[in-house]
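Encoded as structure tokens, the structure appears first; notes follow it.
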Amino acid sequence: MKPYVLIVEDEEPIVTLLRYNLEQADFEVASAADGEEALLLIGERKPELILLDWMLPSVSGLEVCRQIRRRSDTRDTPIILLTAKSEEGDRIRGLDSGADDYITKPFSPAEVVARVRAVMRRSRPSLSEEAIAYEDVVMDLAAHRVSRAGEPIHLGPTEFRLLRYFMEHPGRVFSREQLLDAVWGHDVYVEPRTVDVHIRRLRKALNGEAQKDLIRTVRSAGYALDAQAA
Ligand code: CA
């Protein structure tokens with residue numbers, strides 16, 4: 001079944017553009033022109049993700065966002081706010097109101113599709129692959145379990161997301177900033193050296209006492225998952 005996305009936007013050309021691109025990317029799309037209609041549609045069928053415009057007639061996108069978050073059936077539904085506002089304070093207000101991500105107008109449709117996919121992946125791992133493997137490491141995404149050479153490995157949530165990101169892009173070198181964006185989210189402020197702390201934990205958990213180190217540190221560049229590490 002195609003993932004169902006609800007667009008809440010009063011500007012018809014933007015709805016048309018988003019609808020076209022999301023449908024091309026194999027999403028099922030519905031749209032609402034204001035918050036009231038959106039809440040009605042959500043009541044009829046729960047979307048897997050909501051693209052919500054900030055500037056809506058009568059009830060603002062922020063208020064709609066809060067209302068969606070208050071309902072028990074949509075508390076966890078991913079929301080991406082669309083808006084022309086780009087001030088830092090607005091971004092923070094948007095995220096505070098419960099949005100998962102934030103896209104500033106004007107945007108490229110390709111960017112929107114990519115962000116929709118990324119937010120869905122983060123919130124519903126079962127939508128993508130069930131398991132990924134690299135060398136002797138296996139991640140069961142549905143069960144949230146990791147093993148190496150058949151032995152279970154216990155990871156904290158951040159290490160789990162970090163490892164997953166590496167496993168999805170084996171061999172690629174990522175800077176600390178890229179890892180922060182991908183794993184922590186681009187609107188969260190975390191110091192780059194936090195990445196080092198989590199890499200250290202991930203290494204320790206993955207390598208145990210004597211296993212081969214799978215994470216390569218690239219001086220002044222970042223990190224990669226790379227079996228040729230050592
Ligand atoms: Ca609007």
Side-chain angles (χ1 to χ4, degrees), residues 1-125 127-128 177-178 180-190:
M1 223 169 70
K2 295 180 180 186
Y4 170 51
V5 175
L6 175 65
I7 303 168
V8 189
E9 164 68 274
D10 57 318
E11 284 155 86
E12 200 47 49
I14 294 180
V15 175
T16 306
L17 180 74
L18 287 173
R19 179 191 285 277
Y20 174 79
N21 284 278
L22 286 165
E23 283 176 353
Q24 288 291 307
D26 225 23
F27 289 95
E28 192 183 331
V29 181
S31 66
D34 58 46
E36 218 171 297
E37 193 188 350
L39 292 167
L40 262 169
L41 286 178
I42 291 167
E44 283 167 13
R45 183 179 166 196
K46 197 182 139 185
E48 257 124 314
L49 184 140
I50 301 167
L51 275 172
L52 178 62
D53 187 37
W54 184 313
M55 302 299 278
L56 291 170
S58 64
V59 187
S60 81
L62 273 196
E63 183 48 36
V64 176
C65 190
R66 285 191 201 101
Q67 290 185 26
I68 292 169
R69 281 288 170 263
R70 256 183 250 128
R71 290 164 63 134
S72 59
D73 58 335
T74 53
R75 190 167 294 144
D76 302 320
T77 306
I79 299 172
I80 300 179
L81 270 179
L82 295 176
T83 176
K85 292 175 188 254
S86 58
E87 301 281 322
E88 189 65 22
D90 288 333
R91 289 157 60 106
I92 291 163
R93 270 173 65 211
L95 294 167
D96 274 353
S97 71
D100 296 273
D101 202 355
Y102 197 101
I103 298 175
T104 308
K105 293 175 181 175
F107 46 74
S108 81
E111 183 199 355
V112 176
V113 171
R115 300 277 275 274
V116 165
R117 285 210 175 105
V119 169
M120 275 190 173
R121 240 192 338 258
R122 281 211 295 270
S123 65
R124 290 242 343 238
L127 266 183
S128 52
E177 288 72 23
Q178 284 170 322
L180 280 176
D181 271 6
V183 176
W184 280 259
H186 57 96
D187 280 309
V188 179
Y189 183 74
V190 186

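Numbering of ligands and ligand atoms starts at 1, following listing order. FYI, the numbering just counts along the sequence from 1.
- Within Asp53, the N/O/S atom positioned nearest the Ca ion (ligand 1) carries the name OD2.
- With respect to Arg117 and Asp101, no salt bridge is recorded, no charged nitrogen being found less than 4.0 Å from a carboxylate O.
- Looking only at N/O/S atoms, Asp10 comes nearest to the Ca ion (ligand 1) through OD1.
- Atom OE1 is the N/O/S atom of Glu9 found closest to the Ca ion (ligand 1).
- Glu11 has its closest N, O or S atom to the Ca ion (ligand 1) at the position named OE2.
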Going by atom type alone, with no hydrogens or angles, which donor-acceptor pairs under 3.5 Å involve a side-chain atom of residues 31-39 and a protein atom two or more places apart or on another chain?
residue, atom, partner, partner atom, Å
Ser31, OG, Arg19, NH2, 3.3
Asp34, OD1, Glu36, N, 3.1
Asp34, OD1, Glu37, N, 2.8
Glu37, OE1, Ala33, N, 2.9

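- The number of heavy atoms from other shown groups lying within 6.0 Å of OH (Tyr4) is above 12.
- With rounding to the nearest 0.5 Å, the separation of CG in Leu6 from CD1 in Ile79 is 10.0 Å.
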